[in-house]
Amino acid sequence: MRLEKLNELKAAGIDPFGVRFERTAGAALIKNNYSEYEGKTVKIAGRIMSKRLHGKAGFANMQDMSGNIQLYFRQDDVGKEKYELFKKMDIGDILGVEGEVFTTKKGEISIHVRDFTYLAKSLNPLPEKWHGLKDVELRYRQRYVDLIVNPEVKEVFIKRSQIIKEIRRYLDERGFLEVETPMMHPIAGGAAARPFITYHNALDMQLYLRIAPELYLKRLIVGGLEKVYEINRNFRNEGISTKHNPEFTMLELYQAYADYTDMMALTEDLVSTVMYKVNGTMIAEFEGEKIDFTPPWTRMTMLEAIEKYAGVDFNKIKTDEEARKAAADLKIKVEPNATRGEIINEVFEAFVEEKLIQPTFIYGHPVEISPLAKRNKDNPEFTDRFEVFIMAREIANAFSELNDPIDQKERFLKQMEKRAGGDAEAHMMDEDYINALEYGMPPTGGLGIGIDRLVMLMTGSPSIRDVILFPTLRPR
RNA sequence: GGGCCAUUAGCUCAACUGGCAGAGCAGCUGACUCUUAAUCAGAAGGUUGUAGGUUCGAUUCCUACAUGGCCCA
């Protein structure tokens, strides 16, 4: 049907797919500065979203990126030919119009159209005008349609962009250098996760898509780039859920001569500053909860948190055997050879995480689950590491970086044992990283923040797919 | 990987206990020179996700598969 209209347009000598159109205003600009624009002739362009015909006059609404404005067409003004063209026009068509700004009798700021040109004919009908597009699958698969008809979706992605911009501004102002490190790694390191595998033909070698940029960024610290950060994609070959997408965006930053306490202060200040700049408030509404980002955030060691929420004091549990018994008492399944540190982590995940609604620092992670973190001076079974939880979600992970190459090598060897034992998430040996540490890495604080999850919280989006423009889906 | 739910017109949704698949919007034809969910009149639009099965008869019941959602691991 619309193809016929397209051919009619062509037959009438009108190009349905026009060219460059110079705009002198936008919908929101005109509405927000009406007194300036009243009576003035403007040129605006956008998509026709609705149409109301009244014989020889009619109204339409045009949407551009800034908003929506009403257009008024009269046969007396545009001429019979153009008016017929207006009548034939479909919802979804993209036009450029020229006319004067005025207010209708009903008080709506509008454009009195004098002339218009076709910029793009729409061949597919748009979804229904007041229910929009609801089908989540279609919304993700055809995000372009979602963005056209659901304005709140556009708002989320504009806010996402602002959040990332403010993070960059914050770090740039504090002397951090933004860098880009490889996405394709010969060894997948820096996190506990299964990687995607790809293949380079010319080099005849297998490569991994990175699961984290960590080890490369710390090589840069060795190289003397004392404050670096990277905001980019990580890839993890794992399940998909409302909290997980196979590719997701991470901020990682490293600061030489700092430690995890500096990272705590930085995290709290960075996140709350960005929150306030973007939302104008420290309070976020999320799934019926009010989250208060105002610093200082609660600080608890992992053992304190376990004692509080699981009622078990792991300070009194000294051996792996006692820990396994404690796990059994709590009805948590663990590997028969699980160590105390691993069990502490299991108990934490089972009993504590879900309770952490307000921004909370959990620090002092067992060394077994932290192969890249520096040991605590007083208690070498634990590391100088923290994670931030908000709404039961892990938002940030940070530590004093392990800069002792000998300890690091031992940790890698331990991880390799686990790997040999079937743990596909255990860390791989990275000889070159050890080599880098052997040149000397200053004591360093490192921090990672999951950008998608942060955006979820700051925009009130319950699913990670609501903050990723094109989430991973099975092809149709 | 397991459980539950969903899939009907381009979109949003109906269809009782198994009995002719329906509405609104969009689109089409016509009327209307200040409407805004415009209004009014008319006509049209479907392999009910796919493949089987039960039945005189299946959108409805059963099985498998596909895609998605939610929960769990």
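Chain naming here is simple, since letters A, B, ... match the order of the sequence lines and numbering starts at 1 in each. Source: prediction; values computed, not measured.
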Side-chain N,O ([X]) to OP1/OP2 ([N]) below 4.0 Å:
X        : N     : value
A:Arg141 : B:G68 : yes
A:Arg52  : B:U35 : no
A:Lys129 : B:C25 : no

Look at the side chain of [X] and decide which nucleotide, out of [options], has an atom nearest to it.
X        : options             : result
A:Pro125 : B:C34, B:C25, B:A26 : B:A26
A:Ile91  : B:U12, B:G27, B:C34 : B:G27
A:Lys105 : B:C28, B:G68, B:C34 : B:C34
A:Asp90  : B:G27, B:U12, B:U33 : B:G27
A:Arg474 : B:U33, B:C34, B:U67 : B:U67
A:Arg465 : B:G27, B:G69, B:U33 : B:G69

Taking only the [atom1] atom of each, what is the distance from [N] to [M] in whole angstrom?
N     : M     : atom1 : value
B:A31 : B:G68 : P     : 48 Å
B:A41 : B:C56 : C1'   : 43 Å
B:A26 : B:C11 : P     : 16 Å
B:U7  : B:U48 : P     : 14 Å
B:G10 : B:C28 : P     : 16 Å
B:G3  : B:U8  : C1'   : 26 Å
B:A51 : B:A66 : P     : 15 Å
B:A9  : B:A15 : C1'   : 14 Å

Rounded to whole Å, please give me the gap between [atom1] in [X] and [atom2] in [N].
X        : N     : atom1 : atom2 : value
A:Arg139 : B:G69 : CZ    : P     : 11 Å
A:Glu137 : B:A66 : CD    : P     : 14 Å
A:Ile240 : B:C70 : CD1   : P     : 11 Å
A:Asp135 : B:C11 : CG    : P     : 8 Å
A:Leu126 : B:G10 : CG    : C1'   : 10 Å

Open item on the list: Need to verify one output field. Residue with the more 5' nearest nucleotide on RNA chain B, A:Ser50 or A:Ser110?
Closed with: A:Ser110
- [ ] Map A:Lys51 and A:Arg74 onto RNA chain B by nearest heavy atom, then report which one ends up closer to the 5' terminus.
- [x] A:Arg74
What contact category does [X] fall into here, base, sugar-phosphate, or nothing, at under 4.0 angstrom with non-hydrogen atoms?
X        : answer
A:Gly58  : nothing
A:Phe102 : base
A:Lys106 : base
A:Leu138 : sugar-phosphate
A:Asn61  : nothing
A:Thr242 : sugar-phosphate

Task: Within 45° cone and under 6.0 Å: A:Lys51 NZ/CZ vs A:Phe86 ring - done: yes
Open item on the list: Can you confirm if the NZ or CZ of A:Lys56 lies within 45° of the ring axis of A:Tyr83 and under 6.0 Å from the centre of its six-membered ring?
Closed with: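 The answer is no, since A:Lys56 fails at least one limit relative to A:Tyr83.
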- [ ] With sequence neighbours left out, write down each residue that passes salt bridge (charged side-chain N to carboxylate O under 4.0 Å, His left out) with A:Arg141, or none if nothing qualifies.
- [x] A:Glu137
Open item on the list: With a 4.5 Å cut-off on side-chain heavy atoms, are A:Asp466 and A:Val156 touching?
Closed with: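 Not touching, per the 4.5 Å side-chain cut-off.
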TODO: State whether the number of non-hydrogen atoms from other residues, nucleotides or ligands found under 6.0 Å of A:Lys31 atom NZ is greater than 12.
DONE: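 Yes, because the 6.0 Å sphere around NZ of A:Lys31 holds more than 12 heavy atoms from other groups.
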TODO: Output the distance between atom CG (A:Leu402) and atom CZ (A:Arg385), rounded to the nearest 0.5 Å.
DONE: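 Here the interatomic distance stands at 13.0 Å.
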TODO: Please name all residues satisfying side-chain contact (heavy atoms from CB on, under 4.5 Å) with A:Glu322, sequence neighbours left out, ordered by chain then number.
DONE: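 Only A:Ile317, A:Lys318, A:Thr319 meet the side-chain contact (heavy atoms from CB on, under 4.5 Å) criterion with A:Glu322.
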Task: Range-with-range stems for RNA chain B, at least three Watson-Crick or G-U pairs under 3.5 Å - done: B:1-7 with B:66-72, B:10-13 with B:22-25, B:28-31 with B:39-42, B:49-53 with B:61-65
TODO: Any chance you could lay out the salt bridge (Lys or Arg N to Asp or Glu O under 4.0 Å) test for A:Arg340 and A:Asp320, step after step, and finish with the verdict?
DONE: CA-CA 5 Å; A:Arg340 173 170 173 256; A:Asp320 294 347; over 6 Å; no
Open item on the list: Could you tell me if A:Arg160 and A:Thr249 have a donor-acceptor pair between their side chains, going purely by distance under 3.5 Å?
Closed with: yes
